[in-house]
There are 2 protein chains.
Amino acid sequence: MDKKSKSLSKNQKIILDFIQKNKKPVKAYSILSNVQKKGINAPPQVYRALDRLIEIGKIHRVESQNSFVACKISNCDTPHETVFSICNSCEIVSEINDPKLFKHLKAFKDNDGTKFDGYNLEFFGTCKSCINKQIENIQY
Amino acid sequence: MDKKSKSLSKNQKIILDFIQKNKKPVKAYSILSNVQKKGINAPPQVYRALDRLIEIGKIHRVESQNSFVACKISNCDTPHETVFSICNSCEIVSEINDPKLFKHLKAFKDNDGTKFDGYNLEFFGTCKSCINKQIENIQY
DNA sequence: AAAAATTATGTTATAATATAACATTATATT
DNA sequence: AATATAATGTTATATTATAACATAATTTTT
């Protein structure tokens with residue numbers, strides 16, 4: 001039985017559940033304050049669960065935001081090969097599922113011929129919704 | 001005159017100079033302790049200079065490490081389009097200069113047709129030197 | 001050159017993010 | 001049942017980053 005199919009512990013379930021309920025990525029201390037009523041009291045309990053959930057691919061860390069988001073790719077088996085688009089304005093994050101791009105990145109070798117065992121790619125821009133809001137707010 | 005050609009301020013010079021002297025990325029508080037003899041006393045002075053140096057493309061932030069590294073691409077005019085390879089073992093970072101990959105990433109559009117104005121890509125693996133060390137250390 | 005605007009500096013305090021270390025309990029494996 | 005592994009609970013502390021304010025230097029405009 002591999003790590004993915006092992007059942008989650010109590011704290012891991014509570015924290016995964018909270019992350020999955022949120023459309024936007026959540027911060028560790030926001031998780032903490034939201035699960036305190038479930039008996040999780042201190043940062044290490046949160047960070048441990050986060051580490052484990054990342055390891056098994058249930059969530060990802062959004063590096064540029066220090067935040068955590070549920071994996072949107074069903075049966076994801078590549079937790080360390082991630083691509084996100086991030087809106088500079090509302091900070092919403094979408095996981096990008098583009099097999100062609102994945103293939104291209106997976107095949108990448110550097111000058112030395114070093115092959116990599118993972119990557120994280122974050123695209124930055126302004127999402128449609130925020131562009132529309134900007135247009136609405138132009139004053140004539 | 002654009003931002004790039006503006007001359008740097010005193011603190012910006014001191015901090016850029018220190019970052020450029022280091023092969024590996026450096027952390028903000030390591031910068032601070034190393035430039036205190038030059039009269040830089042407090043974190044905000046470091047972070048302000050870092051922000052500015054990033055903005056003008058002289059340095060980049062390595063997101064997965066909370067560290068800062070000098071830009072290795074001469075006359076870089078795309079400070080928000082960065083690709084790095086990072087050794088999981090020694091944490092050395094190399095900036096990747098691969099026009100074909102850049103072109104591919106620059107051209108990327110998501111499902112909604114959103115075009116992005118920047119990206120950061122970090123590849124993870126084990127560098128040649130660390131692989132060699134591992135081989136040397138195998139005990140028979 | 002004087003006035004105004006912008007950019008950078010210096011400083012103190014504090015916020016936000018993350019881990020070390022240790023004792024204990026629960027769960028899986030042999 | 002014994003052992004090993006993984007998870008928990010807890011306190012304290014380390015690390016990373018920013019807010020807020022006063023001042024000084026530099027650039028731009030008049």
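What's counted below: heavy atoms across the whole structure, side chains too, no hydrogens, waters or symmetry copies. The chains referred to below are lettered A, B, ... by the order of the sequence lines, with proteins before strands, and numbering in each begins at 1.
Following rounding to the nearest Å, A:L53 (CG) and D:dA6 (P) show an atom-to-atom distance of 16 Å. The nearest whole Å value for the distance from the CG atom in A:D51 to the P atom in C:dT19 is 7 Å. The separation between A:Q36 atom CD and D:dG9 atom C1' is 13 Å, rounded to whole Å. When the P atom of D:dT26 is taken as reference, atom CG of B:L8 falls 14 Å away, rounded to whole Å. Regarding B:I31, its CD1 atom lies at a distance of 14 Å from the C1' atom of D:dT15, rounded to whole Å.
Within 6.0 Å of atom NZ in A:K106, 12 or fewer heavy atoms from other residues, nucleotides or ligands are found, so the atom counts as exposed in its surroundings. Counting heavy-atom neighbours within 6.0 Å of A:K109 NZ, excluding the residue itself, gives a total of 12 or less.
Centroid-to-centroid, the aromatic rings of B:F108 and A:F123 come within less than 6.0 Å. Ring pair B:Y119/B:H80: centre-to-centre distance not below 6.0 Å.
Using a 4.5 Å heavy-atom cutoff, the side chains of B:R52 and B:E55 are in contact.
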Practice task
Treat primed atoms plus P, OP1 and OP2 as sugar-phosphate and everything else as base, then score nucleotides 8-18 of chain C 5' to 3': B for base contact with protein heavy atoms under 4.0 Å, S for sugar-phosphate contact only, - for none.
Solution key: SBBBB----BB
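Of the nucleotides present, D:dA1 is the one that pairs with C:dT30 by Watson-Crick or G-U wobble criteria, both distances under 3.5 Å.
The nearest pair of heavy atoms linking A:C71 to A:G57 is CB-O, 3.3 Å.
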